[in-house]
**Q** 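One structure follows; several queries about it will come next.
If you read the sequence from its start, that first residue is 1, and numbering goes on from there. These values consider heavy atoms only, across backbone and side chains, with no hydrogens, waters or symmetry-generated copies.
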Amino acid sequence: MKHLLAILFLVSGAAQDKPQRPNVLWLIAEDLGVELGCWGTEQVWTPNLDKLAKDGVRYTRAYTTAPVCSPSRSAFMTGMYQTTIGAHNHRSHRDDGYVLPDGVRVFTDWLRPAGYFTANVVTLPPALGFKGTGKTDWNFHYGGEAREGKEKQVLDFARAKAFDSDAWADLKSHQPFCAQINFQETHRKYHAPKRADPAKVSFPPYYPDHPVTRADWAEYLDSATELDRKVGLLLKQLEDDGLADSTVILFIGDHGQSQVRGKQFCYESGLHIPLLIRWPSKFPIPKNFKPGSVDDRLIEAIDLSATTLAIAGVQKPPKMQGRVFLGEKSEVPREYTFGARDRCDETVDRIRTVRDARYRLIRNFMPERPFLQRNRYKERSYPVWNLIKELAAEGKLTPEQAFLAAPRRPEEELYDLDSDPYEVKNLVASPAHADILKRLRAELERWIESSNDQGRTSEPKELTDTLERKALESDAKQPPQKKKP
C-alpha cells in the first residue's frame, strides 16, 4: 500500500511538472519593424530570432493597429481596436479615471479564471545581466478582473494588478503560465554596441543619403542586434529551466520602426511588425501551423490576444474584435487590415488606413497639417527629422524625400505594395486603379462605422491647449541642441 501511494505521489508530481495546457511567452520589442536577418536585412545580426523563425513560423503580413506604443498596446492587450475602446490618443486617460467599456478586459483577466498564472517579467536571473522593462503603457485605468460595472472598476483600480507576478523565478512553479517580457533596445535613444557599417546600410529612398542618416540607421540595426542577443539569453534560460518544450513563444514588435516615417505614421514602416511563433514539442501542432514555414496571411496584432486565449482553451469573449488564427477555433482569415493614428504627444492628427494583400489606402483627415508638423519628441530624438527640414530649405532633396517636407499632405494616398514597397508612387489619380481605390475607400468607411471609431470626435481644445503649454514649458527647460555635422 505504501508503495502504491508513493507511485501515485510521483505520478501526481510529474503531472504537476508537465502542464496539461501549454505555457505562453510573449517577447515584445519596442519600435521594431522587420529589419531582421530572417527578413533579408543586411548589417544586422539576429541568429537567435532567425532560428526562432526557422523552427517556427514567420508571418510576413502582421500589422499593429496603431503606429505608436500606447494605442497599439491598448489594442493588442485587449484584442480590441484602440479606436473602438477610446484608447486611440497617445498617452491619454492617465489621470481622468477612464475605464474600459463593459465586456472588454486585458486578456490576462480572461486567462486567470481558466487557471493561468500571468506575469509581466521584470526580474530575470542575475546571470543574464538585464531586466525586462515591465512596460504596459495603456490609455485607460486598469480595473482588475473582479468587477461589476464601471463604478466598481474605478474602486478596484488602486489595488488591482493586471499580472500576478513580475519575476521569472515564479514561472516554473506556476504552470500553465502566460508571461510577457518587454525589450527596450529598438526604442530611442539607442545604446547598443556599434557593429553595422554606416557605409553599407540600406534604407528607404525617402530618406536623404547623408552621413547623419547612415549613422542613425546603423544605430537602429545595432539595437536590433543587441535585442537578438538578449532574446538568445532568454531562450537559453527557458531551456535550462526545462520550460522550452512546453512553452509557445510569440515574438512581436509593439509597432513599426523607430524612424521618421515609421513610428506615428500609417505607412508599412509604421504598422508592419515582425511576428514569429514557435510551437513546443510536448503539445500537438495546431491547425494552420507548419513549423519551418512562412505564412502570408493578413494578421492584426489584436488577433494575438484572441489566439492566445484559444491556445489556453479559453472561449473568445463576445466583444473581442481580434480573430483566432491557430487551432480548431481558427476564424475566417482577414481580407483587410486597418490602422489608425490620432494625437501623438502634443501633435494633433487623424489618419486612417486599410490594406489588402497588395494595396494600401491612407486617408489623411487633416491634410493641411504637414508631415513634419511640430512634435518635440521627434525633433529631440530623431536626427533625420531635422535633417530633412534643413536639406529641404537648401533644395537638396529628391522628390521622394521632399514629399515629407511639403507644407501639406494629400487627402488620400494609394500604393501598390508589390511594385512599390516603399510607398512613394501615389496612385490615387491613376485611372487604372480607380476600381481598387473605390473598393478600399468603401472598406475603410465601413470599418470606421462598424467599429464605432471614437476618433470621429475630437478631444476638447482645452486638453490639447494644455498639452501644447506643457510642451512649451518643457522646451524652456531643454539645453540648446548641438548641430550635427
**Q** Could you tell me whether the side chain of Asp31 and the main chain of Thr186 form a donor-acceptor pair under 3.5 Å?
**A** no
**Q** To the nearest 0.5 angstrom, please state how far the OG1 atom of Thr65 sits from the OH atom of Tyr81.
**A** 7.5 Å
**Q** Tell me if the aromatic rings of Phe107 and Trp110 count as close, with their centers under 6.0 Å from one another.
**A**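 Centroid separation for Phe107 and Trp110: 6.0 Å or greater.
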**Q** Between Glu412 and Arg441, is the closest basic N to carboxylate O distance under 4.0 Å?
**A** yes
**Q** Starting at NE2 of His255, measure out to CZ of Phe76 and round the result to the nearest 0.5 Å.
**A**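 Those atoms lie 9.0 Å apart.
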**Q** If I compare all heavy atoms of Pro22 with all of Ile311, which pair ends up nearest, and what's the gap?
**A** CG-CG2, 3.6 Å
**Q** Just wondering, more than 12 heavy atoms not from Glu42 lying within 6.0 Å of its CD?
**A**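 No, the 6.0 Å shell around CD holds no more than 12 heavy atoms from other groups.
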**Q** Can a donor-acceptor pair be found, under 3.5 Å and without considering hydrogens, that links the side chain of Arg214 to the backbone of Pro198?
**A** yes
**Q** Hey, what do you get for CD1 (Ile249) to CH2 (Trp279), rounding to the nearest 0.5 Å?
**A**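 Those atoms lie 11.5 Å apart.
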**Q** So, Arg360 side chain and Thr353 main chain: donor-acceptor pair closer than 3.5 Å or not?
**A**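 Not at all, since once roles are kept as given, no pair shorter than 3.5 Å links the two residues.
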**Q** Does a donor on one side chain and an acceptor on the other come within less than 3.5 Å for Arg352 and Asn364?
**A**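 No, no side-chain donor-acceptor contact under 3.5 Å.
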**Q** Examine distances only and state if a side-chain atom of Lys316 and a backbone atom of Ala310 form a donor-acceptor pair shorter than 3.5 Å.
**A**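 Pair absent, no side-chain N/O of Lys316 close to backbone of Ala310.
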**Q** Just by distance, do the side chain of Asp303 and the backbone of Glu300 share a donor-acceptor pair under 3.5 Å?
**A** yes
**Q** With no hydrogens and no angle check, do the side chains of Ser258 and Tyr190 hold a donor and an acceptor under 3.5 Å apart?
**A**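 Yes.
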**Q** Got a donor-acceptor contact below 3.5 angstrom from the Asn426 side chain to the Leu414 backbone?
**A** yes
**Q** So, using side chain to side chain contact (heavy atoms under 4.5 Å, CB included) as the criterion, who are the partners of His174 when residues are at least two apart?
**A**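 With neighbours one apart ignored, the set is Phe117, Asp170.
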**Q** Looking just at side-chain N and O atoms, do Gln321 and Thr84 make a donor-acceptor pair shorter than 3.5 Å?
**A** yes
**Q** Determine whether a donor-acceptor pair (N or O, by modelled atom type, separation under 3.5 Å) exists between the side chain of Arg278 and the backbone of Leu52.
**A**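 No; judged by distance alone, with no hydrogens or angles, the pair does not exist.
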**Q** Is the closest basic N to carboxylate O distance between Arg188 and Asp216 below 4.0 Å?
**A** yes
**Q** Is it the case that the side chains of Asp342 and Asn89 hold a donor-acceptor pair, with the cut-off being a distance below 3.5 Å and no angle test?
**A**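 Not at all, the side chains of Asn89 and Asp342 share no donor-acceptor pair under 3.5 Å.
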**Q** State whether the number of non-hydrogen atoms from other residues, nucleotides or ligands found under 6.0 Å of Lys329 atom NZ is greater than 12.
**A** no
**Q** Does Asp435, at its CG atom, have more than 12 non-hydrogen atoms belonging to other residues, nucleotides or ligands within less than 6.0 Å?
**A** no
**Q** Taking all non-hydrogen atoms of both residues, which atom of Val121 and which atom of Leu124 are closest, and how far apart?
**A** CG1-CD2, 3.6 Å
**Q** Less than 4.5 Å apart, side chain to side chain, heavy atoms only: is that true for Leu32 and Ile273?
**A** no
**Q** Would you say Tyr267 and Glu413 are linked by a side-chain donor-acceptor pair, where the criterion is simply a distance under 3.5 Å?
**A** yes
**Q** Where does the angle between the aromatic ring planes of His272 and Trp39 fall among parallel (under 30°), tilted (30 to 60°) and perpendicular (over 60°)?
**A** perpendicular
**Q** Do Thr83 and His88 pass the side-chain hydrogen bond (donor to acceptor under 3.5 Å, both in side chains) test, and can you show the C-alpha distance, the side-chain angles, and the key distance before you say yes or no?
**A** CA-CA 5 Å; Thr83 47; His88 49 292; over 6 Å; no
**Q** Nearest 0.5 Å, please: how far is OG in Ser269 from NZ in Lys263?
**A**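 That separation rounds to 13.5 Å.
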**Q** For Pro205 versus Glu400, what's the shortest heavy-atom pair and its separation?
**A** O-CB, 4.2 Å
**Q** Assess, by modelled atom type and distance only, whether the side chains of Tyr220 and Glu35 contain a donor and an acceptor separated by less than 3.5 Å.
**A** yes
**Q** Give a yes or no answer on whether the side chain of Ser74 reaches the backbone of Asn139 with a donor-acceptor pair at less than 3.5 Å.
**A**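 Yes, Ser74 side chain to Asn139 backbone: donor-acceptor pair under 3.5 Å.
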**Q** side-chain contact (heavy atoms from CB on, under 4.5 Å) for Phe251 and Leu235? Distances and angles first, verdict last.
**A** CA-CA 11 Å; Phe251 174 82; Leu235 294 177; over 6 Å; no
**Q** Any salt bridge between Arg355 and Glu268, counting N to O under 4.0 Å?
**A**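 Result for this pair is yes, salt bridge flagged.
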**Q** Is there a donor-acceptor contact under 3.5 Å linking the side chains of Asp296 and Thr60?
**A**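 Checked: Asp296/Thr60 side chains pair up, N/O donor to acceptor below 3.5 Å.
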**Q** Does Asp416 use its side chain to pair, donor to acceptor, with the backbone of Asp420 at less than 3.5 Å?
**A** no
**Q** Is there a donor in the side chain of Asp164 and an acceptor in the side chain of Thr118, or the other way round, less than 3.5 Å apart?
**A** yes
**Q** Considering non-hydrogen atoms only, spot the tightest contact between Ala244 and Glu239 and give its length.
**A**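 Looks like CB-CG, 3.7 Å.
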**Q** What orientation do Tyr377 and Tyr382 show, parallel under 30°, tilted 30 to 60°, or perpendicular over 60°?
**A**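 Aromatic pair Tyr377/Tyr382 classed perpendicular.
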**Q** Using the ring centroid of each side chain, check whether Phe338 and Tyr63 are separated by less than 6.0 Å.
**A**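 Ring centroids of Phe338 and Tyr63 are no less than 6.0 Å from each other.
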**Q** Tell me which one of Ile436, Leu440, Asp356 satisfies side-chain contact (heavy atoms from CB on, under 4.5 Å) with Leu361.
**A**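 Answer to the side-chain contact (heavy atoms from CB on, under 4.5 Å) test with Leu361 among Ile436, Leu440, Asp356: Leu440.
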**Q** Surrounding CD of Glu449 (heavy atoms of other residues, nucleotides or ligands, distance under 6.0 Å), is the total greater than 12?
**A**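 Enclosed: over 12 neighbouring heavy atoms sit under 6.0 Å from CD of Glu449.
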**Q** Indicate yes or no: at least one non-hydrogen side-chain atom of Trp168 is less than 4.5 angstrom from one of Asp241.
**A** yes
**Q** For a quick test of reading the model, state the closest non-hydrogen atom pair linking Ala312 to Leu111 and the distance between them.
**A** CB-CD2, 3.5 Å
**Q** Do any N or O atoms from the side chain of Lys319 and from the backbone of Met80 form a donor-acceptor pair under 3.5 angstrom?
**A** no
**Q** Within a strict 4.5 Å, meaning less than it, do heavy atoms of the His90 and Asp345 side chains meet?
**A**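 Counting from C-beta outward, His90 and Asp345 do come under 4.5 Å.
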**Q** I'd like to know if Asp240 and Lys236 make a salt bridge, using a cut-off of under 4.0 Å between side-chain N and carboxylate O.
**A** yes
**Q** Taking C-beta and beyond as the side chain, do Phe325 and Arg334 meet within less than 4.5 Å on heavy atoms?
**A**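 Heavy-atom side-chain distance check fails, nothing below 4.5 Å.
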**Q** Does one side chain, of Ser72 or Asp254, offer a donor that lies under 3.5 Å from an acceptor on the other?
**A** no
**Q** Side chains of Asp109 and Tyr142: closer than 4.5 Å at any heavy-atom pair?
**A**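 Heavy-atom side-chain distance check passes, below 4.5 Å.
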**Q** Below 4.5 Å, heavy atoms only, C-beta onward: do Trp26 and Thr308 meet side chain to side chain?
**A**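 The answer is yes, as the side chains (C-beta and beyond) meet within the 4.5 Å cut-off.
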**Q** Are Asp137 and Arg91 ion-paired here, with the side-chain N under 4.0 Å from a carboxylate O?
**A** yes
**Q** Quick one: NE2 on His191 to OG on Ser223, what's the gap to the nearest 0.5 Å?
**A**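 Nearest 0.5 Å value for the NE2-OG distance: 10.5 Å.
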**Q** Could you tell me which non-hydrogen atom of Val314 sits nearest to which non-hydrogen atom of Ala114, and how far apart they are?
**A** CG2-CB, 3.5 Å
**Q** Rounded to the nearest 0.5 Å, what separates atom OG1 in Thr133 from atom CG in Asn120?
**A** 7.0 Å
**Q** What I'd like to find out is whether the side chain of Val122 reaches to under 4.5 Å of the side chain of Phe163, using heavy atoms alone.
**A** no
**Q** Is there side-chain contact between Leu271 and Cys266, with heavy atoms separated by less than 4.5 Å?
**A** yes
**Q** Could you go through Glu423 and Arg261, starting from their C-alpha distance and side-chain angles, then the distance that decides it, and tell me whether this counts as salt bridge (charged side-chain N to carboxylate O under 4.0 Å, His left out)?
**A** CA-CA 11 Å; Glu423 299 162 293; Arg261 211 182 84 152; 3.7 Å; yes
**Q** For Tyr336 and Trp447, I'd like to know if the aromatic rings sit close, meaning centre-to-centre distance below 6.0 Å.
**A**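 No, ring centres 6.0 Å or more apart.
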